[in-house]
Peer 1: 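Here's a structure for you.
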Amino acid sequence: MAATSGASPFLAGSISLTSAAAGNSRGNRYVSLSRRLAVSTDHNISSTTSFTENGRWLPEEEKRKKLNKRKEESELISNVYGNPDEVTEENGKKLKDFFEECKDLIKSSDGGGDGGGGPPRWFSPLECGSRTPDSPLLLFLPGIDGTGLGLIKHHYKLGNMFDMWCLHIPVKDRTSFTDLVKLVETTVRSECKRSPGRPIYLVGESIGGCIALEVAARNPDIDLVLILANPATSFNKSQLQSLIPLLELMPDQLLLNLPNMINFVPGDPLRMAWENVVKGLLPLQNVGVLSEDILGMPSYLSVLADMLPRETLLWKLRLLKSASASANSHLHAVKAQALILCSSKDQLLPSQEEAQRLRRILPKVAIRFFKDSGHFLFLEDDFDLVMSIKGASFYRRGRYLDYVSDYIPPTPYEFKKLYESYRWVFDATSPVMFSTLEDGKMVRGLAGIPSEGPVLFVGYHMLLGFELAPLVLQFLMERNIFLRGIAHPMMFVKLREGKMLDLDNFDQYRLMGAVPVSGPNFFKLLSSKSHVLLYPGGVREALHRKGEEYKLFWPEQSEFVRMASRFGAKIVPFGVVGEDDVTELVFDYHDQMSIPPLRKFNKEVTDEVVQLRTDANGEVSNQDLHLPGVLPKLPGRFYYYFGKPIETEGRKQELKDKEKSHELYLHVKSEVERCMAYLKEKREEDPYRNIVSRLLYRATHGSTAEVPTFEL
């Protein structure tokens, strides 16, 4: 793609800029939108024709080729899950690229163009061209820098999920907050009219967060999803306010040397405030401290000075003040779903306290905290916006989230980060997995697992679900199979705020494809030929009492057989043992219910989540939540045994009969019990059941060597 002839290489819209700027060596980095956006000084947006690649509609054959290419790329990507240690970092841009491209963007005005002035306008980064036809629209609303390049590290990944537009506010522009809101609002209404069934994402940083909130408040009937990074609604509580009178007196020259100008600021409070501004204008690194290397790079500080000269910085602070006041006065009208990304070390705004305040005001809000990050979260080395969106279940293509069709598997690098967070489990337990071939032969590994779905895995749930991470990750590494786990709704939604764990504790499970238990979700997974993981014992099994390890708590009536037969799914029963080799349960449900304060606490927690099996009989109906008290042991080993797949294809009519269905249900249950009994017996013969023997083996055979186990 190329920018529109005669236009700035960086900016989108129909505003004509000089060809001198277009001749820049980086001139094809951004593509202008053929839709005329922000084309007049009053910032009206014309909703004419939609834009496509090179401003033209793609023929159907070309569309098919692009989709097939993406499918092939997806299949190729799946092959690299096998060894996470060999996965390299994703080819996203870095902080250095941000400063270099900001410099080029600002320089476009020096060549006679209006890159430093003129009205705000939209642009679409070229690396964001991999979207699919049903991709939702994402509008990025920049923070105090105004460049629109704040998501530069995330352009490529976001481009695979969204139709992405970025708002650029030139350095010399003095558009009021009200007019900025109108500009964005006009775009939102135009795009909503063009694609009424598609959500529109407003990603706002700092002042951009205020714009997003204001637009949402003015348009409660439009399907908006807000993603707010350190929104500036807390400006009235920050030290930035005190800098406005200081900037009014400060000469421009001092802004050319940001660190040294601290010496010219009188008074400890003002000095401290200005020091925070200087530090806050540069992203914190992954160790949570300001990089001395960046402060030592005059070119970067020069870009900052060009980006925020005194008059512009003063204007932006005044803009922040009015934006904060306006957004706060209309928070009660915001109905949109919102994800707040909060930096705990924000030097510019009290973002941590503000996130908690917004949680109490906004009706549909989720918060994610980043303890070692500064104000410019999107530029942090360790921050991944796409993972945050997917982990919070905030990605959807339609009006309502579909946990099955809206799911996007992790990229290889995302998977590597997930694997590294659970590496200690692999190192401590050295999981051993066995499967059964079609001829009934038991083998080590997952060779007996059917490649083609639908496949339904039905098994035993260890205490606290200890077995989940190794199970799901190993399937992907060894067989490139995503196990879509059917999970308790508490991992996805809370009925109200209270004592229940924050939902961010379950982000990793959602990243790996977990879906909330429901009949429609079960139906969709099987109809899409997925590999589905089901625990009929659910919460009661995962929160079992003393002496109940390896005991199944299944409902009396069949819950899955007839649904599986409807789609001809293979049912794979499996058992897993090892929880008693890593922990000892010392404080269970009965112990806690005998203590009144704990009994009250557990009941309050249980009441905060969706209740399941309220009409069931027996122990499985006891869905009370609590946190069992366990003592760690010197780790033993986890063992998994997958039985022979049970065919249901061609048995749909037969299994409609309740007796036949129940008979197969009991057979599956007995197979799970048989698998566990076998493992409990055979693990006694494993010379490497203890972690000490496994460490010695790896010390002599290499740290990556596969540790042997009992003979089959």
Side-chain angles (χ1 to χ4, degrees), residues 77-85 87 387 390-391 393 403-404 407-435 445-451 453-488 490-492 505-517 521-522 525-526 528-538 541-542 570-579 582 637-642 672 675:
I77 285 174
S78 68
N79 293 330
V80 302
Y81 288 123
N83 190 345
D85 292 329
V87 175
M387 284 190 75
K390 294 195 293 188
S393 293
Y403 286 97
V404 178
Y407 173 68
I408 298 179
T411 65
Y413 188 69
E414 289 172 355
F415 174 75
K416 177 179 181 177
K417 294 173 77 171
L418 288 168
Y419 174 77
E420 288 176 346
S421 67
Y422 287 106
R423 184 189 292 270
W424 67 273
V425 181
F426 283 86
D427 293 341
T429 64
S430 299
V432 184
M433 298 191 182
F434 304 96
S435 60
L446 301 175
I449 301 301
S451 299
V455 181
L456 178 61
F457 297 86
V458 185
Y460 168 72
H461 217 352
M462 274 190 184
L463 181 69
L464 296 173
F466 286 148
E467 83 288 352
L468 270 173
L471 172 62
V472 174
L473 297 175
Q474 188 64 35
F475 260 71
L476 192 51
M477 289 189 292
E478 187 172 335
R479 292 295 310 276
N480 297 321
I481 291 175
F482 279 94
L483 283 182
R484 302 299 304 275
I486 296 180
H488 195 286
M490 68 178 177
M491 295 173 56
F492 303 87
N505 289 279
F506 306 110
D507 282 6
Q508 292 174 322
Y509 294 102
R510 291 191 289 268
L511 279 166
M512 292 306 298
V515 302
V517 58
N521 283 340
F522 192 26
L525 286 171
L526 293 178
S528 62
K529 301 185 182 301
S530 300
H531 289 70
V532 185
L533 178 61
L534 176 67
Y535 293 104
E541 213 164 79
K570 298 179 176 68
I571 300 176
V572 179
F574 72 94
V576 54
V577 302
E579 65 177 80
V582 295
R637 201 169 196 182
F638 284 173
Y639 302 86
Y640 301 75
Y641 179 14
F642 298 89
V672 173
C675 290

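Please read all numbers here as calculations on a predicted model, not as lab measurements.
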Peer 1: Would a 4.5 Å heavy-atom cut-off, applied to side chains only, mark Y535 and H488 as touching?
Peer 2: no
Peer 1: Hey, are the side chains of V458 and I571 touching, using non-hydrogen atoms and a 4.5 Å cut-off?
Peer 2: yes
Peer 1: Side chains of V576 and L471, heavy atoms from C-beta outward: is any pair under 4.5 Å?
Peer 2: no
Peer 1: With no hydrogens and no angle check, do the side chains of Y460 and E579 hold a donor and an acceptor under 3.5 Å apart?
Peer 2: yes
Peer 1: Decide yes or no for Y419 and V87: does some side-chain heavy atom of the first lie under 4.5 Å from some side-chain heavy atom of the second?
Peer 2: no
Peer 1: Looking at P431 and F426, what are the two nearest heavy atoms and their distance?
Peer 2: CD-O, 3.8 Å
Peer 1: Would you say V517 and F522 make side-chain contact, with heavy atoms under 4.5 Å?
Peer 2: no
Peer 1: Once you round to the nearest 0.5 Å, how far does NZ of K390 lie from CZ of R510?
Peer 2: 13.5 Å
Peer 1: Tell me which pairs pass salt bridge (Lys or Arg N to Asp or Glu O under 4.0 Å) where either residue lies in residues 464-484, with sequence neighbours left out.
Peer 2: none
Peer 1: Within the distance-only criterion (no hydrogens, no angle test), does the side chain of H531 pair as donor or acceptor with the backbone N or O of P450 below 3.5 angstrom?
Peer 2: yes
Peer 1: Would the distance check show the side chain of T429 and the main-chain N or O of V425 forming a donor-acceptor pair, the cut-off being under 3.5 Å?
Peer 2: yes
Peer 1: Using modelled atom types and a 3.5 Å cut-off, is there a donor and acceptor pairing between side-chain atoms of S435 and backbone atoms of G445?
Peer 2: yes
Peer 1: Check whether the ring centres of F492 and Y403 lie less than 6.0 Å apart, and answer yes or no.
Peer 2: yes
Peer 1: Can you confirm whether or not the ring centre of F475 sits under 6.0 Å from the ring centre of Y640?
Peer 2: no
Peer 1: What pair of heavy atoms forms the shortest contact from G578 to M462, and how long is it?
Peer 2: N-CE, 3.6 Å
Peer 1: With the side chain counted from C-beta on, respond yes when V532 and F457 share a heavy-atom pair under 4.5 Å apart, and no when they do not.
Peer 2: no
